[in-house]
Amino acid sequence: MTFLIVALIVWLALWTLNVWIAGRPLAKARAGKALVPLIFGVAVLVLWEGLVRGLGISFVILPPPSAIAAKIASSLPVLWQDAAQTILKGAIPGFLIGCGSAVLTAIAIDRSPFLQRGLLPIGNFVAALPIVGLAPILVMWFGFDWQSKAAVVVAMVFFPMLVNTVAGLQASDRMQRDLMATWGASYLQTLVKLRLPAAMPFIFNGLKIASTLALIGAIVAEFFGSPIYGMGFRISTEVGRLGLDMVWAEIAVAALAGSALYGLVSLIERWVTFWHPSQRH
Amino acid sequence: MKRALPVLTVLLGIVVIWYMASVWMNSTWVYDQAERAGTTVSFAEMVPQTMNQDRPLLPPPHQVGAELWKGLFGQAITSKRSLVYHGFITFKGTMMGFGLGIVVGVLMAMAIVRFRVMDMSVMPWAIISQTVPIVALAPMIITLSSQLGLTDRDVPKAIIAAYLSFFPVLVSMVKGLRAPDQMQLDLLKTYGASEGETFLKLRLPASMPYFFASLKVAVAASLVGTIVGELPTGAIEGLGARMLIGSQFGEPLIMWASLFAAAILAGLLIVVVGFVERLARKRMGVPG
């Protein structure tokens with residue numbers, strides 16, 4: 001019971017601290033913007049720990065953060081092996097192939113308004129479909145190893161990326177394109193110097209969506225067959241053995257990897273589209 | 001017609017490519033069979049044999065269409081083999097998750113717009129929550145809820161679907177509730193409007209276009225969540241479960257038919273949500 005009370009007090013104290021910071025000039029500073037969500041995260045972890053221990057919830061149902069941290073620390077090699085299989089071999093190659101081919105397709109159909117008018121509604125529709133359902137089929141085609149995972153990722157990221165890139169290539173306005181024409185720029189020059197840079201905010205929007213889809217695809221594909229390692233494999237087998245601390249450890253790794261991938265894309269975005277209003281602070 | 005022609009052309013192209021891919025992928029099996037029988041088949045003999053295999057690697061469109069037709073209309077819709085039956089189970093899960101996602105998204109957006117500390121604390125985590133691959137949580141949510149005594153499979157599915165669909169609603173509603181400009185807010189202040197009145201009469205109506213725009217994304221996300229929730233769990237009902245069964249028993253036709261049934265369901269949902277959106281816009285006097 002003491003655990004519960006202590007946790008609640010800590011939670012209240014941290015929340016009050018956040019309310020206090022939010023009302024100060026510090027909240028506008030960069031440090032404040034990072035500090036408040038951080039404190040909130042810590043508060044949630046403390047509350048979680050306190051609730052599990054205080055209410056005597058079985059660790060089998062919901063392991064407390066400390067147990068999960070211990071599990072992560074004790075099984076680093078396994079976690080790394082799983083992450084390497086799922087993320088480095090499955091998600092990232094699929095992400096690169098899928099996004100790359102989508103951008104190339106968008107450029108290829110760029111000169112044909114007919115194809116664009118035909119492909120865009122279909123692309124928009126397919127982007128909303130549960131492509132994840134292709135996973136069992138692709139596993140059947142490409143086998144259990146990383147190739148099938150990469151294929152699922154390609155199928156998942158292709159259409160959102162295509163739709164965004166096509167929209168981006170139309171983003172430069174008439175006046176700018178006319179200016180390029182008066183300079184006697186060829187199609188290729190206009191594409192490289194005006195339209196591709198103008199499309200970058202859209203392309204990065206697509207890349208951000210694709211970065212989360214890539215991890216989902218790679219993990220789901222492993223539910224349908226995989227070598228005896230990989231994050232999806234580990235999660236599905238450990239759930240069966242009620243090793244929920246290991247499952248949570250994998251989830252923590254997945255969350256970290258997902259955020260890191262998203263953060264990396266945002267970082268490159270800031271570097272590439274420094275001119276865009278949304279990037280100027 | 002002007003808009004339909006390009007779409008139809010592209011669709012036709014897809015069907016043609018699909019047939020060619022079917023021939024190519026299924027030919028291996030035909031050649032294998034011929035080799036085992038000690039005969040050789042010419043290309044012209046091989047092609048027809050790729051069109052009607054029992055377990056094709058890639059079933060050609062007409063086979064998928066036939067299986068889909070059989071699944072949708074071939075039997076009573078209460079039969080366990082009917083795709084309408086499984087589609088309805090998935091639809092139910094999608095709607096529960098969608099509803100839950102809307103409620104959570106709107107409530108969070110209200111709190112975030114009203115309290116600065118909520119904005120600063122919760123918003124970054126809401127964004128991070130979407131980078132966590134939810135499917136990693138799916139098997140666990142299901143074990144958890146069964147251990148808590150919830151034998152109903154709809155609950156975990158709805159939670160997963162809501163987890164995916166609350167986010168678009170949240171982001172759009174935050175934008176929408178902040179859409180009224182300072183001038184409008186000041187005007188309401190000069191009327192002596194309370195905070196609740198400002199919310200009901202200015203912020204809420206101003207957010208509606210944003211809200212409806214997010215619903216299309218949210219309903220698609222909710223369907224994906226429901227199907228993912230059905231996939232890895234040994235569920236026996238729903239389109240995701242059908243795909244799983246097709247995969248485990250090596251019946252590609254079942255997989256493809258349920259995949260297309262899911263696509264049809266997604267299309268219907270998006271059309272219905274779009275219709276509701278147009279209705280609401282008309283009632284609120286938004287042109288177009």
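Below, chain A is the first sequence line, B the second, and so on; all start at residue 1.
By the 4.5 Å heavy-atom criterion applied to side chains, A:Phe223 and B:Val228 are not counted as neighbours. Between B:Leu58 and A:Trp141 the shortest side-chain heavy-atom distance falls below 4.5 Å. Looking at B:Ser121 and A:Trp15, their side chains come closer than 4.5 Å, going by heavy atoms from C-beta outward.
Within 6.0 Å of NZ in B:Lys175 there are 12 or fewer heavy atoms belonging to other residues, nucleotides or ligands.
With values rounded to the nearest 0.5 angstrom, A:Leu134 atom CG is found 5.0 Å from B:Leu259 atom CG. The structure places CG of B:Leu8 at 8.5 Å from CD1 of A:Ile122, a figure rounded to the nearest 0.5 Å. Remark: B:Ile128 CD1 to A:Leu256 CG distance equals 10.0 Å, nearest 0.5 Å. Taken from CG in A:Leu38 to CH2 in B:Trp125, the straight-line distance is 7.0 Å, to the nearest 0.5 Å.
Interface summary for chain B: among A:Ile131, A:Ile39, A:Leu213, A:Thr212, the most heavy-atom pairs under 4.5 angstrom belong to A:Thr212. Counting heavy-atom pairs closer than 4.5 Å to chain B, the top residue among A:Ala214, A:Gly41, A:Gly232 is A:Gly41. By number of non-hydrogen pairs under 4.5 angstrom with chain B, the leading residue of A:Phe40, A:Phe125, A:Tyr262 is A:Phe40.
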Working for side-chain contact (heavy atoms from CB on, under 4.5 Å), residues A:Phe114 and B:Val10: CA-CA 9 Å; A:Phe114 182 81; B:Val10 171; 5.9 Å; no

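Neither the backbone nor the side chain of B:Leu265 comes within contact range of chain A; no heavy atoms are under 4.5 Å apart. In this structure, the portion of B:Met25 lying under 4.5 Å from any heavy atom of chain A is its side chain and not its backbone. For A:Ile137, the parts sitting under 4.5 Å from any heavy atom of chain B are the backbone and the side chain alike. When heavy atoms are compared at a cutoff of 4.5 Å, A:Leu115 approaches chain B by way of both its backbone and its side chain.
Remark: of the listed residues B:Met123, B:Met120, B:Arg116, B:Met120 is the sole one forming a side-chain contact (heavy atoms from CB on, under 4.5 Å) with A:Val36.
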